[in-house]
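The next block holds one structure in the form of structure tokens; read it before the comments.
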Amino acid sequence: MTKKLLLIDGNSIAFKAFYALYQSLDRFTNSSGLHTSAIYGFNRMLDKVLEEEKPTDVLVAFDAGKVTFRTKMYSDYKGGRAKTPSELSEQFPFIKQLVNARGIKDYELPDYEADDIIGTLARQAERAGNYQVVIITGDRDLTQLTSAKTTVQVSKKGVTELEKYTPDYVEKKLGVKPSQIIEIKGLKGDNSDNYPGVEKVGDKTALKLVQQFGTIDNLYDHIDDVSGKKLKEHLINDQDQAKRARTLATINRDAPVTISLADLKYEGDDLDQLTDFYERMNFKSFLAKLAVDDDGDNQEQLAKINYQVLTKDNVALLKEFKDEVSFHLEMATENYHTSPILGFAIGHGDKWYATNDISLLTNPDAMTLLTSSTIAKNVFDAKRTYVGLYRESIELKNVDFDMLLVSYLLNTTNNSNDVGTVARLHGFQNIKTDEEVYGKGAKREIDAESPEFLTHIVHKAKAIDQLHNDMFADLDKHNQTKLYREIEIKIAFVLAKMEISGIKVNPETLEEMGSKFTERLSEIKQTIYQQAGEEFNIGSPKQLGVILFEKLRLPILKKTKTGYSTAVDVLEKLAPDAPIVQNVLDYRQISKLLSTYVDGLLKVIHQDDSKVHTRYLQTLTQTGRLSSVDPNLQNIPVRSDEGRLIRQAFVPSHPNWQIFSSDYSQIELRVLASITGDKNMQEAFKEGEDIHATTARRIFGLNSNDEVTPELRRQAKAVNFGIVYGISDFGLSKNTGITRKQAHQFIERYFEEYPGVKKYTEDIVEFARNHRFVETIAHRRRYLPDINSRNFNLRSFAERTAMNTPIQGSAADIIKIAMINMDEALKGMRTTMLLQVHDELIFEVPDEELETVKKLIPKVMDSAISLNVPLKVESHWGKTWYDAK
DNA sequence: ACCATCACG
DNA sequence: ACGTACGTGATGGTC
């Protein structure tokens, strides 16, 4: 029987795969920060070729190193090539692991390239007689191996798209026989491999000559038949180069390979190894494919989990759970404050129950379980679950494991709010995603009456149940158990209560402001139309650009990728040139206030309590901060006088109460002073100095009695901010309007005056290079896969992130600790914590508690953590949020 | 679905 | 030489 030998050029396929996915480089990283794009692409190719060719024998050949018999012959061979990007070179060991897990041998041979191994084995197979050979490569030079028994498939743009070369196809496409390819290369040389052929001979001439003479040797035997005097001269002059080039281009088909055809038998994947490998790479789709193949072809089939439909007649069975239970509450939409609740699944081990009868939640047998402080609960998204149950008058207690939260702490990047996605990421495959079950976009539909619904939510609960030990173990490996138990799981409930409390918004105030804004808007609009000489949509950057830069011929200072930039900084520079510009700026500001803050807020006020109930996203930001949605209450205007008025609509929910706000002063710079250990900066804070003024004195070399002008202070402040963001002279100059050179000098002076800060910036980047992540004070972790990138932009960004994340993230740790302590400190009082805005907490306070909280709240905040510098807290209060200033 | 813009720390 | 300030969310316009 004929065998089929598949020979794969490992290096060239890896390169092709890497560059095919180069645009999506950052989408392909696993949870330990390894890039996986080439590995992924390589496997796509394997899948396709193994399926299509069904080989009996397979080998993947790799280049052994830089030195080969070719470099020994010609030292510049492949010289001047850019170094392989680290994002790719780090993947090679894993490509070999992949190849082996797929039941395929890999092979390399010192002094030889992968081509030579392939050429040699292909010849052996051809001579053995009973083989068909298929070669897979990204390098067209290998087509010289094409023969009656050997086809060469060259990957095109993507890796899975292959162009098949047979001898006929070679002749049709290239105009010569396969064996003549080296003759062509001899004449024209190879730029990418860095060896010359004959001067002035390129593709066309080389082809013509080879078609005429057949081989280089024959050409030189009949050199007088060459037409063209110059060409003949060049050929004679470069004869040695041509012969050398041909030798370099010739694949060695007698390499001393130490592996034999008999070793290449292919018997399919090593399933255990491959599953493990895919898990480590976070290859969800490949894992799913394995599971499917394993399951006998049925895509829809998951391993069955036995469960009972819970009813009022059997709900007493829940009494059997004494220590631990996994629970999933299913809702229809994202917003758990308003979403219909559709059903729940509950169980542990191999006992599972599910229902769409929500009334069973309040059945004593279920409720006791959920509110018990001795039975531990495992859930996905404790805050969501708490709020959902709270709406059913159940107070969830004793949550031990929150799978969403743990997954986020382990790796902030690949996180998702979908149980199935997270479960698969952590190795539990027997589950579908919501999208797979419910559909997405307009097609999304949940039929809570269907059996599929109950099955799906049982799978979710089971995934949580199964993963909890493993994920806790991972947490421990990261040194993050304390972060989880002392901070994150606790703050989840504090946040839940804040969200439930909500903050009262006075719709009349907003409506009044809305009519004023609308009126002003139509005035400005008319003026703009007059100044433009026509009507157009001021809100359209495209139309505005045409008016400003084409009709009025204002100078184009900046472009975006789609056209002219009309952003604020540009328009501010143009304002002196044309009166229309200031009007556009005013129009923009007011329409922003109107649409986002007046109309936007009015839309989300709950009718029953006149409050807005934001949701804090606890598992989104890369630094550990919270974010706020529906509505976002962390970006209510404050910087402009007009915008600030919006805050008048935010009021206490009881008469004679106050809005009370406390904020950390300079928390990020204090964290910086503390973690860098910089003595000069620490001293400034210990002495209670104005840090920006002190910085100004230092970097501008003022005496202690010299006055720091507002301008100098402003510049110093910008430098302080820049440092926190991971400074660069370009960034600083752009932001402050000073020259890049000046910015450079400021930074140098800064580092001289704060040497601890300088050392920190160097050390943290070094740490990131070595570990591929950085950490905050509380061991919150952020992976930086691009830190060793060859791409300047990606690498620089990762470096700035390495500097910024421990600072921003540690500040986030601190305020979270303060909030947990605050929740405790306010027990027994009526004062309620309502909002968090990164370095600021907002409360509503009854008049009679005002005096108490003036001391208590700042105390709790400034004692949240002990740094090497004091924390400073400032408080303000008033009848509305606007007045708490 | 993506972009530009602008609101916040 | 490269071409950046860090972290977010909501909106209207445009494709």
Side-chain angles (χ1 to χ4, degrees), chain A residues 412 440-441 536-545 558-571 584-585 587-601 603-604 614-617 620-640 642-644 646-647 663-669 672 718-736 740 743 747 774 782 786 789-809 811-812 815 835-841:
Chain A
T412 51
K440 72 164 169 181
F536 66 101
N537 187 344
I538 308 166
S540 158
K542 200 176 166 193
Q543 295 182 34
L544 179 63
K558 197 168 87 177
K559 286 193 152 194
T560 67
K561 46 184 149 172
T562 48
Y564 314 114
S565 170
T566 65
V568 196
D569 55 325
V570 176
L571 294 193
V584 170
L585 283 167
Y587 182 91
R588 282 251 184 91
Q589 193 202 2
I590 294 166
S591 66
K592 174 83 176 183
L593 294 175
L594 185 62
S595 66
T596 307
Y597 296 104
V598 175
D599 296 343
L601 276 173
K603 270 185 236 159
V604 290
T614 188
R615 279 180 300 132
Y616 289 104
L617 305 187
L620 182 138
T621 71
Q622 300 303 305
T623 55
R625 275 188 175 182
L626 302 173
S627 84
S628 159
V629 293
D630 289 340
N632 181 355
L633 294 180
Q634 290 181 321
N635 72 346
I636 301 302
V638 67
R639 293 176 192 167
S640 77
E642 256 168 333
R644 197 172 195 150
I646 297 286
R647 295 183 173 218
D663 66 282
Y664 284 110
S665 159
Q666 311 292 359
I667 188 166
E668 292 194 348
L669 285 173
L672 179 74
V719 183
N720 274 329
F721 268 92
I723 294 288
V724 169
Y725 293 153
I727 196 143
S728 73
D729 51 15
F730 191 93
L732 182 62
S733 75
K734 189 165 157 264
N735 207 260
T736 55
R740 192 168 165 178
I747 295 166
V774 291
R782 179 177 187 176
D786 295 328
S789 172
R790 203 167 55 89
N791 179 317
F792 176 89
N793 279 333
L794 292 178
R795 188 179 64 246
S796 304
F797 183 66
E799 287 169 358
R800 291 196 297 274
T801 313
M803 299 184 226
N804 173 266
T805 296
I807 298 167
Q808 190 182 118
I815 196 165
L835 304 175
Q836 188 250 43
V837 191
H838 309 306
D839 63 356
E840 173 185 16
L841 296 175

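In what follows, every chain begins at residue 1, and chains take the letters A, B, ... in the order their sequences are listed.
Checking the phosphate oxygens (OP1, OP2) of C:dC6, a side-chain nitrogen or oxygen of A:R800 falls inside 4.0 Å. When the side-chain nitrogen and oxygen atoms of A:R790 are compared with OP1 and OP2 of C:dC2, none of them lie within a distance under 4.0 Å.
At the heavy-atom level, A:L617 lies under 4.0 Å from the strands shown only through sugar-phosphate atoms. Looking at heavy-atom distances under 4.0 Å, A:S591 makes no contact with the nucleic acid at all. Within 4.0 Å (heavy atoms only), A:I636 reaches sugar-phosphate atoms of the nucleic acid but no base atom. If you check every strand for non-hydrogen atoms under 4.0 Å, A:R588 touches sugar and phosphate atoms only. Residue A:A718 is classed as a base contact, given a heavy-atom separation below 4.0 Å to a base. Nucleic acid contact for A:N735: base, since at least one base atom lies under 4.0 Å from a heavy atom of the residue. Across all strands, A:S565 comes closer than 4.0 Å only to sugar-phosphate atoms, never to a base (heavy-atom distances).
Between A:A718 and A:L732, the shortest heavy-atom distance links the atoms O-CD1, 3.7 Å. Considering every non-hydrogen atom in both A:N635 and A:Y597, the closest pair reads O-OH, 2.6 Å. Nearest heavy atom pair, residue A:I646 against residue A:V598, reads CD1-CG2, 3.9 Å.
A:K559 has its NZ atom 18 Å from the P atom of B:dC3, to the nearest Å. Here B:dG9 presents its C1' atom at 14 Å from CG of A:L835, a figure rounded to the nearest Å. If you take CD1 of A:I646 and C1' of B:dC6, they are 14 Å apart, rounded to a whole angstrom. A straight line from CD of A:Q634 to P of C:dC6 spans 19 Å, rounded to a whole angstrom. Rounded to whole angstrom, the span from the CG atom of A:L571 across to the C1' atom of B:dC6 amounts to 12 Å. Between the CD atom of A:E668 and the C1' atom of C:dA5 there is a distance of 13 Å, rounded to whole Å. The interatomic distance linking A:Q836 (CD) with C:dG7 (P) rounds to 17 Å, in whole Å. Atoms NZ (A:K561) and C1' (B:dC2) sit 9 Å apart, rounded to a whole Å.
For C:dT8, its base never sits under 3.5 Å from the side chain of A:R625 at any donor and acceptor pair. Counting atom types as modelled, A:Q808 pairs a side-chain N or O with a base atom of C:dC6 as donor and acceptor under 3.5 Å. Interface remark: the A:T621 side chain does not form any donor-acceptor pair with the C:dT8 base, using a distance-only criterion of under 3.5 Å. Side-chain to base pairing of A:R740 with C:dG3: one donor and one acceptor N or O lie within less than 3.5 Å of each other.
The backbone N or O of A:D630 lies less than 3.5 Å from no partner atom in the side chain of A:R615, so there is not a single donor-acceptor pair. At distances below 3.5 Å, at least one donor-acceptor pair connects side-chain atoms of A:Y616 with backbone N or O atoms of A:Q836. Listed for the A:T805 side chain is no donor-acceptor partner under 3.5 Å among the backbone atoms of A:A802. Under a 3.5 Å cut-off, the side chain of A:T614 and the backbone N or O of A:P631 do form a donor-acceptor pair. In terms of modelled atom types and a separation under 3.5 Å, the side chain of A:R625 and the main chain of A:A812 share no donor-acceptor contact. A side-chain donor-acceptor contact under 3.5 Å links A:S733 to the backbone of A:F730.
Side-chain atoms of A:L620 lie closest to C:dT8 of the nucleotides B:dG9, C:dT4, C:dT8. When each of C:dT8, B:dT5, C:dG7 is scored by its nearest atom to the side-chain atoms of A:S627, the top-ranked nucleotide is C:dT8. Comparing C:dG7, C:dA5, B:dG9 by their nearest atom to the side chain of A:T623 picks out C:dG7. With B:dC8, C:dA5, C:dG7 as the choices, the nucleotide that has an atom nearest any side-chain atom of A:Y725 turns out to be C:dA5. Side-chain proximity of A:V638 to the nucleotides C:dA5, B:dC8, B:dT5 is greatest for B:dC8. For A:Q622, counting side-chain heavy atoms from C-beta on, the closest listed nucleotide (B:dG9, B:dC6, C:dT8) is C:dT8. Considering only side-chain atoms of A:Q589, the nucleotide from B:dA7, B:dA4, B:dT5 that sits closest is B:dA7.
Using atom P as the reference point in both B:dA4 and C:dA5, the two lie 13 Å apart (nearest Å). Between the P atoms of B:dT5 and C:dT4, the separation comes to 15 Å (whole Å).
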Treating primed atoms plus P, OP1 and OP2 as sugar-phosphate and everything else as base, which nucleotides of nucleotides 10-15 of chain C get B, S or - for protein heavy atoms under 4.0 Å? BSSSSS
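Residue A:F797 and nucleotide C:dT4 are not classified as a stacked aromatic pair, given the requirement of ring centres less than 5.5 Å apart at an interplanar angle below 30°.
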Would you write out the dot-bracket form of DNA chain C, 5' to 3', with Watson-Crick and G-U pairs under 3.5 Å, [ ] for crossing pairs, | for pairs to other strands and . for unpaired bases? .....|||||||||.
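In this structure, OG1 on A:T801 lies 10.0 Å from CD on A:Q808, to the nearest 0.5 angstrom. Rounding to the nearest 0.5 Å gives a distance of 7.5 Å between CD of A:Q666 and CG of A:N720.
With sequence neighbours excluded, no residue forms a side chain to side chain donor-acceptor pair (under 3.5 Å) with A:S595.
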